[in-house]
Amino acid sequence: MKHYSRRAFTWMLGGALAAGCGLSGTGGRSITFRMGLRTALASGESTVGAFTTDTGWRVTLTAARLVLGPIYLFEKASPLQPQALLRRLGDVLLPTAHAHEGDFFSGGRVLGEWDREVVFDLLADAGQARVLGRSPGIAGMARSLSLLLQPPSSALGAEADVMGGRSLFLEGVATQDSARVPFRVAMDFPPPVELQRVDFVPIEVDLDDEGLFVLEPQPHRWFTGARFERLTVPAEGTPVEVGTDTQVYRALSVNVRRFDAFTGAWEPAEA
C-alpha cells in the first residue's frame, strides 16, 4: 500500500478540484459557497454533547475540541451506502468497461473543498453553524465526503495552543444507575495519512452559489460500544485519564474514524 503525506493528499485532491473547475461543458459551472461546522444533536436530544450510548451510559460532555480538515466533497455516492453496494455488486456480476477517472478515493470529481485545518469546539455556538469561510466548487450533486483528522500543525498558529499538540480532547461525565464516571481523554491521529482519513461519508447536497455546506461531527456515535464500567475512578473522584490501554479509548479511536462519525447538510442561500 502506498503511503501519502498530508501535503500530497491535499495537493492531489486540490488539483482534482482545480482541473474539474477548468472543464468546459462537462464539469458544471464554477461556484463559490460557504463551508461551516456544527455539532449534530443525538436523536431526541436538545443539548449538544448530551446523549445515551448503546451500552446504556448517559454521557454529558463538558469539553470537546477537535482538529480537522481539509474537507473534500465528491460527486460519487459512498460505496458504503446500500444503493452503491448494489451497484458495485452489479459491476461484479455484469462487468463493463469504465474509463479511468484518475480519482483518489474512487469518489469521482471533487466538487468542493476546504483546504485548511481548523480547531473546532464542538460545544460552542449552541448548535449553530460556525462559518469557516468561502470555498471554490463546481455546481452539482455531492454524494460523499472525506476529511482528515490530525495533530495541529504550525499553520494553525496560536489557535492550536488549546489542543496541547493533541488531535482530539474530550471531557465529561458518564452515569448509569448509581455509577458516575468523570473522564478525560486526549487522542492523537498521527501519520500515515491513511490512518487520519475519514472516508466515504454519505451526503446528498446540491451545491450552488452562496449556499452553506455544514460538516456535522456526531459525537454520540463516537462512544458506540464504550464500556465506562471498565474504568477505575480515582478515590478522590477526579476525572479518569482514559489511556490508550483502555476499552473506552480503543472504541473512540475506531469510531471517530468511521464513515458514520460525521454527516453533512446543505443550507441554500436566502433569496
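Numbering starts at 1 and runs along the sequence shown. Hydrogens, waters and symmetry mates are skipped; everything else that's a heavy atom, side chains included, is used.
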Just wondering, do [Y] and [X] contact through their side chains at under 4.5 Å, heavy atoms?
X: Val242; Y: Leu170; value: no
X: Leu132; Y: Leu37; value: yes
X: Val248; Y: Val185; value: no
X: Leu168; Y: Trp222; value: yes
X: Val118; Y: Arg130; value: yes
X: Pro152; Y: Val67; value: yes
X: Leu41; Y: Val48; value: yes
X: Ile71; Y: Phe262; value: no

In this structure, would [X] and [Y] fall into the same cluster of hydrophobic residues linked by side-chain contacts under 4.5 Å?
X: Trp57; Y: Val233; answer: yes
X: Val256; Y: Val254; answer: no
X: Val214; Y: Ile203; answer: no
X: Ile31; Y: Leu73; answer: yes
X: Ile138; Y: Phe213; answer: yes

Could you tell me the separation between the [atom1] atom of [X] and the [atom2] atom of [Y], rounded to the nearest 0.5 Å?
X: Glu267; Y: Glu210; atom1: CD; atom2: CD; result: 14.0 Å
X: Gln218; Y: Arg258; atom1: CD; atom2: CZ; result: 11.5 Å
X: Thr62; Y: Phe183; atom1: OG1; atom2: CZ; result: 7.5 Å
X: Tyr72; Y: Asp199; atom1: OH; atom2: CG; result: 12.5 Å
X: Leu212; Y: Trp266; atom1: CG; atom2: CH2; result: 7.0 Å
X: Tyr249; Y: Thr244; atom1: OH; atom2: OG1; result: 6.0 Å

Write down the atom of [X], the atom of [Y], and the distance for their closest heavy-atom approach.
X: Arg221; Y: Asn255; answer: O-CB, 3.8 Å
X: Trp114; Y: Ser135; answer: CE3-OG, 3.4 Å
X: Leu123; Y: Asp121; answer: N-OD1, 3.0 Å
X: Pro239; Y: Pro234; answer: O-CG, 4.2 Å
X: Gly165; Y: Asp188; answer: O-OD1, 3.8 Å
X: Phe33; Y: Glu113; answer: CZ-N, 4.3 Å

Report the C-alpha separation of Ser253 and Met187 in whole Å, then their side-chain angles, then the decisive distance to 0.1 Å, and conclude whether the side-chain contact (heavy atoms from CB on, under 4.5 Å) test is met.
CA-CA 8 Å; Ser253 179; Met187 187 169 290; 4.2 Å; yes
So, the side chain of [X] versus the backbone of [Y]: is there a donor-acceptor pair under 3.5 Å, distance only?
X: Gln176; Y: Thr55; result: yes
X: Glu117; Y: Ser154; result: no
X: Ser144; Y: Lys76; result: yes
X: Thr39; Y: Leu122; result: yes
X: Arg257; Y: Leu195; result: yes
X: Glu75; Y: Arg109; result: yes
X: Arg250; Y: Asp245; result: yes
X: Gln196; Y: Gln150; result: no

Report the C-alpha distance between Glu45 and Arg58 in whole Å, list the side-chain angles of each, state the deciding distance to 0.1 Å, and finish with yes or no for salt bridge (Lys or Arg N to Asp or Glu O under 4.0 Å).
CA-CA 12 Å; Glu45 300 287 350; Arg58 180 68 180 172; 2.5 Å; yes
Please determine whether a side-chain nitrogen of the Lys or Arg among [X] and [Y] lies less than 4.0 Å from a carboxylate oxygen of the Asp or Glu.
X: Glu204; Y: Arg143; answer: yes
X: Glu270; Y: Arg34; answer: no
X: Arg29; Y: Asp209; answer: yes

Residues in ring-ring contact (aromatic ring centres under 6.0 Å, His included) with Phe51, at least two apart?
Phe223
Apply the test side-chain contact (heavy atoms from CB on, under 4.5 Å) to residues Val59 and Phe228: give CA-CA distance (whole Å), side-chain angles for both, the deciding distance (0.1 Å), then the verdict.
CA-CA 10 Å; Val59 173; Phe228 287 95; 3.9 Å; yes
Can Val240 and Thr246 be said to form a side-chain contact (heavy atoms from CB on, under 4.5 Å), step by step?
CA-CA 11 Å; Val240 180; Thr246 65; over 6 Å; no
Do the side-chain N and O atoms of Thr175 and Arg180 include a donor-acceptor pair separated by under 3.5 angstrom?
no
